[in-house]
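Here the structure is laid out as structure tokens; the discussion comes afterwards.
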Amino acid sequence: ALFSSAQTFRNLRAIVGDDRLQGIPLFSIGRITSRAIERAGFRVEAEARETSLESLVEALRSWAVGKERQRGLAAEAFQGEPIVRAEEEA
């Protein structure tokens with residue numbers, strides 16, 4: 001979820017509740033918004049470098065690229081090794 005202000009975070013939280021925000025990557029437009037998210041007990045995955053929507057979208061893009069790289073490295077680490085499930089071993 002992308003938040004362009006602390007108030008948009010608080011409004012969405014009030015509407016959907018904490019349970020529905022758990023496990024969703026949260027992105028912030030700036031320090032004030034990040035503080036509001038963190039004070040509520042949530043983690044900010046990425047914060048915009050500048051207080052602009054363009055910078056917020058760039059923060060999301062950079063985070064997503066990093067996640068893809070992590071997945072690619074994890075896939076390479078297991079390449080060629082068979083995956084055996086517990087039920088298949090018996």
- Polar contact flag, side-chain donor to acceptor under 3.5 angstrom, S34-E47: yes
- Message: Before you tell me yes or no, could you show the steps for T51 and I32 under side-chain contact (heavy atoms from CB on, under 4.5 Å), namely the whole-Å CA-CA distance, both residues' side-chain angles and the distance that decides it to 0.1 Å?
- Response: CA-CA 10 Å; T51 307; I32 293 170; over 6 Å; no
- Measure the spacing between CZ of R43 and CG of L26 and express it to the nearest 0.5 Å. 10.0 Å
- Item | Nearest-0.5 Å distance, OG1 of residue T33 to CZ of residue F27 | 14.0 Å
- Message: Using modelled atom types and a 3.5 Å cut-off, is there a donor and acceptor pairing between side-chain atoms of T8 and backbone atoms of S5?
- Response: yes
- d(R13 CZ, D18 CG) to nearest 0.5 Å is 4.0 Å
- Task: Answer yes if V65 and V44 sit in the same cluster of Ile, Leu, Val, Met, Phe, Trp and Tyr residues linked by side chain heavy atoms under 4.5 Å apart, and no otherwise.
- Result: no
- Step through the shown structure and confirm whether more than 12 heavy atoms of other residues, nucleotides or ligands are within 6.0 Å of CZ on R35. yes
- Query: R31 and E38: salt bridge (charged side-chain N to carboxylate O under 4.0 Å, His left out), yes or no, with the steps?
  - Reply: CA-CA 10 Å; R31 190 69 221 134; E38 291 165 348; 3.1 Å; yes
- Query: Does I37 belong to the same Ile/Leu/Val/Met/Phe/Trp/Tyr cluster as L2, with side-chain heavy atoms less than 4.5 Å apart forming each link?
  - Reply: no
- Message: As a quick check of understanding, evaluate side-chain contact (heavy atoms from CB on, under 4.5 Å) for L12 and F3, giving each step before the final call.
- Response: CA-CA 9 Å; L12 183 66; F3 294 101; 3.7 Å; yes
- Between atom OG of S52 and atom CD1 of I29, what is the distance when rounded to the nearest 0.5 Å? 6.5 Å
- Contact check, side chains of I24 and F42, non-hydrogen atoms, under 4.5 Å: no
- Point-to-point distance, once rounded to the nearest 0.5 Å, from CD of E50 to CG of L56: 12.0 Å
- Scan side-chain atoms only and decide if Q7 and N11 contain a donor-acceptor pair under the 3.5 Å cut-off. yes
- Message: How about CZ on R49, more than 12 heavy atoms from neighbouring residues, nucleotides or ligands closer than 6.0 Å, or not?
- Response: no
- Message: Within this structure, what is the CZ-CZ distance for the pair F9 and R39, rounded to the nearest 0.5 Å?
- Response: 12.0 Å
